[in-house]
Every structure is written in C-alpha cells, then in structure tokens.
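Encoded as structure tokens, the structure appears first; notes follow it.
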Amino acid sequence: MRKYGLVLLFAIVANMVIAQSASLLVEAENFSKKGGWVVDQQFMDLMGSPYLMAHGMGVPVADAEMSVEFPATGKYDVYVRTFNWTSPWYEGEGPGKFQLRLNGEKVGSVLGCTGNEWYWQKAGKVDIKKKENVITLHDLTGFNGRVDAIYFTRDNIPPPNESETLAQFRKQLLNIPGEPQKAGEFDLVVVGGGVAGTTAAISAARLGLKVALIQDRPVLGGNNSSEVRVHLGGRIKVEPYPALGDVVKEIGPSRGGNAQPADYYEDEKKMQMVLAEENISLFTNYRAFAVKTEGSSITEVQARHIETSEELSFTAPLFADCTGDGTIGFLAGADYAMGRESRDEFGEPTAPETPDKMTMGSSVQWYSAEEKQPVGFPVFQYGVEFNDESAKQVTMGEWTWETGMNYDQINEFERIRDYGLLVVYSNWSWLKNFSAEKEKYNNRKLDWVAYVAGKRESRRLLGDHILREQDLTDFVIYPDASAPTTWTIDLHYPDPKNTEHFPENEFLSIAVHKPIHPYPIPYRCLYSRNIDNLFMAGRNISVTHVALGTIRVMRTTGIMGEVVGMAASVAAKNNTNPRGVYNNHLNELKKLMEKGVGKYDVEDMQNYNLGGSLGPKITTIDIPPYDKD
C-alpha cells in the first residue's frame, strides 16, 4: 500500500493525549485546530520536540484550540514548556507573549516572556469540574511566542527538563511504543526532501527501485520551497553528461528569484511529480531521529511524525543522506568535517592559515508590501539597537540577510534563526517608527518573513574522495567524473560595513567569487568512506569548505541526486554497495548518466535561467568544451 505523509498511516486518536494517574500531558504540535500558529520542527533534536509558534510578524495570530479529556475532576497545577526567545540578547521581558485558556477563561499569568532557556513555566491552577474541556493558546503579540507542551498535574511537580529524562517522560505519558512500527520494505531509503533528495528518489524509482522518501516538512523542495524561497542556482545539461539535470528541470519552478511570493516556488509541482512515481512511498512530516547499525552498515532509520509523535522504522540495503546537515551519517557514526580547514591541510590557496569553526550562515528572508492606507508596526527593541546610520533602508531582504557564521549551525541553530528574526523585526521597527525617512514606509506592511531558515553549511560527510579547491581550479578530471558543478566558488563572509555597526553580531553578508570551468564531481564524493551503504547528495557531500562554495547550489545538488539514484540502481542490480559501484560497475553507472532518466526534453537551454542560490545571480561566461581525452 502506498504511504503518503498527507494521509496518516495510523488510526490516530483524535487528541494525542494520554493521562496517567492524575496528570495530563498535551503536546502543542498536536492541537487539532492550530489557528495561526505554525509547527516548527527545525530544532527538535536540540530541545526535544517540535513546537507551535505564533509567527504573526507583529500581528497576533488566531487561537490554537483542542478538546481534551482529564483523568478526573478536581484542582490541577498547570505548567507550560516555553522559551523567551529574545533572552540571548535582552535581559528584560520578551515579546513572545501568549495566554493559556481553559474553556475560554484565562489560566494564570502571561507566558513566554521570561526565563533564558526552554523550561516548564508555572502557569497557575485550574479547577476541573468536568472531564471534557477545551484548551486554547491565545497569542498576544504576533512575535513568535512558542509552546512545546502543557502539563496538568495534581502533584505540583513540574516535568523533567533534562533532554534524555524528558524524552522518556514524553514516551511514557504519550504511550509511544518502545519500538517504531515498520513502514515497509524498500530498496532505498532517502532522507531529506529537498531538491537533492527529491531527484534521488525519482531517479532511483524510475530505474525500478522501491524507494521511501522521508521529509520533515509538509512540502518538498527544501530551500526551493515556499517556506524558504530560494531559487535554483547552477546549470544543467552540460558536458560530460548533458542528460543529467532532466529531472531537476521537471521538478523546478518556471520562475526564479529569492524572497518572492509563494507561488513562484511551485510546491505542488514537486509534490505531484513525486506522487506520480509508483515506486516512491512519500512520508512528509516525518523527521529522522535515530539510526541502527550493524558493523559499518546502516540497518534501520527511525523517524517521528512532527505533529502526532507516531514513530516509523525504515529498513533497506541502501540509504541516502540528503538532509543537508548530514544527520543520518552523523547518527550512524560517519566521518565528517565542519568549519574551515587550514591552508596546509589540503593546500588550498583560499583556505585560512589556521583552521576554525566558521561556516557560511543561514538566511531569514523577508519582504514588505505597499498598502493603500498607513500600516503601523509595534516598537520592537530587544537588545539590538538601530539608528539611521546602521539601519538598512530597504523594503525586502534576501540572501544577504545571513546570520550565524561564527556559531554552530547544528547545536546553536535555534539561536541563529532567532537572531535572523530579531534583526528583521528590529530594523523594520526602526524604519516604521523612528527613521528620519519613516514617511517612505507609512503604507508598507511587513508581508512575509521566513521562519524556516535557509541554511548553507554544516556537516560535510567524508567520502573516498574529498573535493578540494585545486581539483576545481586545475580542472583535475577523475575517472569517476559525474555530476557537473557550474557555479563559481562562492564563499560568504560577514559584511565589513555591518561589522562596523554590529561587531560579532553581524546579520549581513558579502560573497566572494572565484570563477571555475564546469567541473564533474567525482562519484566518490557521493558516498561515505566508512559507512558502507550510505550515499549522500546535497551540500553535505565530501568536499572541503572552499569546494562547498560551488557545489551547494540547488540545480547542482539536484544533479547529484540523479546520480545517486542511478548508482543505487546499479548497486541493487549487482548486490553491492556504493563503493562496489565505483570499484566494479563504474561503466554501468556512466551509461546511465549518459542516458539520463528524464521524461521531457528541455527546450532552449541557452536561455535557461541560471537563477541564484543563497547567493547572488551570476552571468553566463564563455566556457571551453571539455577535453574528452
């Protein structure tokens, strides 16, 4: 039976709430009516769970609501797990204020604006006079108040907050089985539904493999979805394998541009392309959280639904990590790198003299709209001070609004995303309320701000070959040449002008480009060197920090996905692993790359939009043909 994330696999109880003794745990992400609150799963590996967030851009969102059944009547203490998200920069009361209501009546104090970490805030007491009751989350500001869970107890003891203990507490009270339910039998499990994962799944499926595609959001496309809004960068249909890129063309939107209206990114097109493939079972809203291994091979990936907490297990001979963060490889114990290598390590002229942890950052893009009448915006001042010299006099922000270069893009990612929100709101507040030119913004409304951050760099899983700068600039062609990269070596750094105003707290970037000829990435960069059955496609492949500057754009990552799907079919056919394809069946893979797996011809390629990545647009340059000798 085909399985879609849009149609849940289980007969889920209407409210995923389990009462034990005289207590009741309610997971916020499971609210049956979410109103204007959004589900945010980006940091569940860090703080333990997805959560609901009131992302109203300064306008209170509609209430979230659900009916629950208490174990008994009587008096309960109420705790709400929440986070004052501006606390890293501002010691006072935060802006993410909300109220908890029971049957329409306010419960206790205003929540979400105190403390400096995720914790169980005491909300007050309630007197339950009937078992059936309605819980409501009532947003007060529209400024990203957030709720993980609500706990009603007769013991007046808050739940644990330590991550492992809290995870066990959740499982016990939510009655989650100790072992996930099996999702089915597959030939290839692809984790990550961005452009690379989507093309890998389609490519493998068209070559006869039974594929599971796991994506932790309700839409496909990753950075090229309506949630992040980055257009596709790089070129397709170039030598030595011009058939590569046909699938990228099929799923890609017809229009380009960063931070454009949602329909530019054609989420439905990507979804329909995947659903049309009979060999793909799609699992949207499932986030992989655990991996089982035997020896040096993955045997199972486990994933949790971001709203219902239901858990599934996926088994297959082959796996592909297309998560961007290298999550599956990391959980399996794969070798990986993160940050910048020293110049001496690989002899790269662009690398720094000494290694460091700096990465390219993440972008929170946004735009405003011109209205016919004046539109207000609340004063928003939470630790980052603007003035007419430091404020950006703009009506939109795209890739250059980039944060977190000097922070850990895995373990500090919530802070990085939140700083992106903080500076967008703070800058806009200055323009609307204090700027000497505020009249220009009278009728402008903050119309869209991303809450899913567009990440450029984190873990890079290491393969049998690590692509380096000299491979690209010296045009070193290896026998396993595969997916071509065509973007410049495009590396981002804090904008020096922004540094003058916000030292060590920059939120704007510059890009430094080094031109290259179109270069075919060695296939050995697309599988792990120490996890025997793990492919990877996307920005987490085996490259140095410098080489990442060219391969990270999404037409290029999509081509990688096509190659991985092809290689998986060769491996399955010959009962081997990714390295075995290189050692013994490389010619078979080359024939597939020559033929491609696309269904449609691409017309007028010379006028095909090069687009952009989380980086600037580039112009076409004259490129000499490949030396096929």
Side-chain angles (χ1 to χ4, degrees), residues 187-215 217 219-225 230-238 241-254 265-267 269-284 318-324 482-487 520-521 523 525-527 535-541 551-570 578 589 592-600 602 608 611 613:
D187 301 312
L188 172 68
V189 173
V190 179
V191 186
V195 172
T198 301
T199 58
I202 291 174
S203 176
R206 288 181 180 176
L207 291 168
L209 298 194
K210 187 176 181 182
V211 181
L213 176 57
I214 307 169
Q215 165 70 336
R217 296 298 302 168
V219 297
L220 297 171
N223 283 345
N224 187 237
S225 72
V230 178
H231 62 174
L232 300 179
R235 298 170 63 187
I236 62 175
K237 306 289 285 183
V238 297
Y241 298 108
L244 292 178
D246 283 350
V247 178
V248 178
K249 175 63 177 176
E250 289 176 41
I251 69 170
S254 58
Y265 304 93
E266 300 184 44
D267 293 344
K269 179 180 181 180
K270 300 179 184 73
M271 186 67 70
Q272 290 304 318
M273 291 298 299
V274 169
L275 295 180
E277 296 294 334
E278 291 297 324
N279 284 333
I280 297 178
S281 295
L282 175 62
F283 299 84
T284 54
L318 299 167
F319 295 83
D321 188 333
C322 303
T323 63
S482 66
T485 181
T486 55
W487 200 252
I521 301 165
Y523 162 69
C525 297
L526 305 181
Y527 64 84
F535 291 102
M536 53 263 195
R539 61 178 175 82
N540 59 354
I541 69 166
I551 64 91
R552 64 187 175 81
V553 296
M554 284 183 283
R555 284 200 182 95
T556 302
T557 62
I559 297 171
M560 294 178 207
E562 292 182 31
V563 173
V564 162
M566 295 172 187
S569 74
V570 173
L589 174 60
L592 288 176
M593 291 191 292
E594 289 173 356
K595 183 178 181 181
V597 293
K599 287 186 175 180
Y600 309 105
V602 180
Y608 189 48
S613 67

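In this chain, residues are counted from 1 in sequence order. Since we're looking at a predicted model, the values are computed, not measured.
Within the model, atoms CD of Gln215 and SG of Cys322 stand 10.5 Å from one another, a figure rounded to the nearest 0.5 Å. In this structure, CE on Met593 lies 11.5 Å from CD1 on Ile559, to the nearest 0.5 angstrom. Here CD1 of Ile280 is found 8.0 Å from CG of Leu282. Values are rounded to the nearest 0.5 Å. The line from CD of Glu266 to CG of Leu220 is 13.5 Å long, rounded to the nearest 0.5 Å. Note that CZ of Arg206 and CG of Asp246 are 9.0 Å apart. Values are rounded to the nearest 0.5 Å. If you take CZ on Phe535 and CG on Leu526, they are separated by 9.0 Å, rounding to the nearest 0.5 Å.
In terms of heavy-atom proximity, Gly245 sits nearest to Ile236 at O-CD1, 3.3 Å. Across Lys270 and Pro253, no two heavy atoms sit closer than the pair NZ-CD, 4.2 Å. Thr199 and Glu562 make their closest contact through OG1-N, 3.7 Å (heavy atoms, listed as atom of the first residue, atom of the second, distance). When all heavy atoms are compared, the tightest approach of Met271 to Val219 is CE-CA, 4.3 Å. Taking both residues in full, the closest heavy atoms of Val247 and Ile202 are given as CG1-CG2, 3.8 Å, listed atom of the first, atom of the second, then distance. The two residues Ile551 and Met560 have their closest heavy-atom pair at O-CE, 3.4 Å.
No donor-acceptor pair closer than 3.5 Å links the side chain of Arg235 to the backbone N or O of Thr486. Between the side chain of Asp187 and the backbone N or O of Leu209, no donor-acceptor pair lies under 3.5 Å. Side-chain atoms of Lys210 never come within 3.5 Å of backbone atoms of Leu188 as a donor-acceptor pair (strictly under, hydrogens ignored). Between the side chain of Thr198 and the backbone N or O of Val195 there is no donor-acceptor pair closer than 3.5 Å. Counting only distance, with no hydrogens or angles, the side chain of Ser203 and the backbone of Ala200 share no donor-acceptor pair below 3.5 Å. Remark: side-chain polar atoms of Asn224 are paired, donor with acceptor, to backbone N or O of Val230 under 3.5 angstrom. Arg552 contributes no side-chain N or O that, together with a main-chain N or O of Arg539, makes up a donor-acceptor pair within less than 3.5 Å.
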*Give the C-alpha distance, both sets of side-chain angles, the deciding distance and a yes or no for side-chain contact (heavy atoms from CB on, under 4.5 Å) between Lys269 and Ile251.*
CA-CA 6 Å; Lys269 179 180 181 180; Ile251 69 170; 5.8 Å; no
*Kindly determine whether Asp321 and Val191 satisfy side-chain contact (heavy atoms from CB on, under 4.5 Å), including the steps that lead there.*
CA-CA 5 Å; Asp321 188 333; Val191 186; 5.7 Å; no
*Verify side-chain contact (heavy atoms from CB on, under 4.5 Å) between Ile521 and Ile541, making sure each step is shown before the conclusion.*
CA-CA 10 Å; Ile521 301 165; Ile541 69 166; 4.3 Å; yes
*asked:* Test side-chain contact (heavy atoms from CB on, under 4.5 Å) on Val597 and Leu207; report intermediate values, then the result.
replied: CA-CA 8 Å; Val597 293; Leu207 291 168; 3.9 Å; yes
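Looking at residues two or more places apart in sequence or on another chain, you find a ring pair (Phe, Tyr, Trp, His ring centres under 6.0 Å) between Tyr527 and Tyr523.
The pair Lys599-Glu250 does not meet the salt-bridge criterion, since no charged nitrogen lies less than 4.0 angstrom from a carboxylate oxygen.
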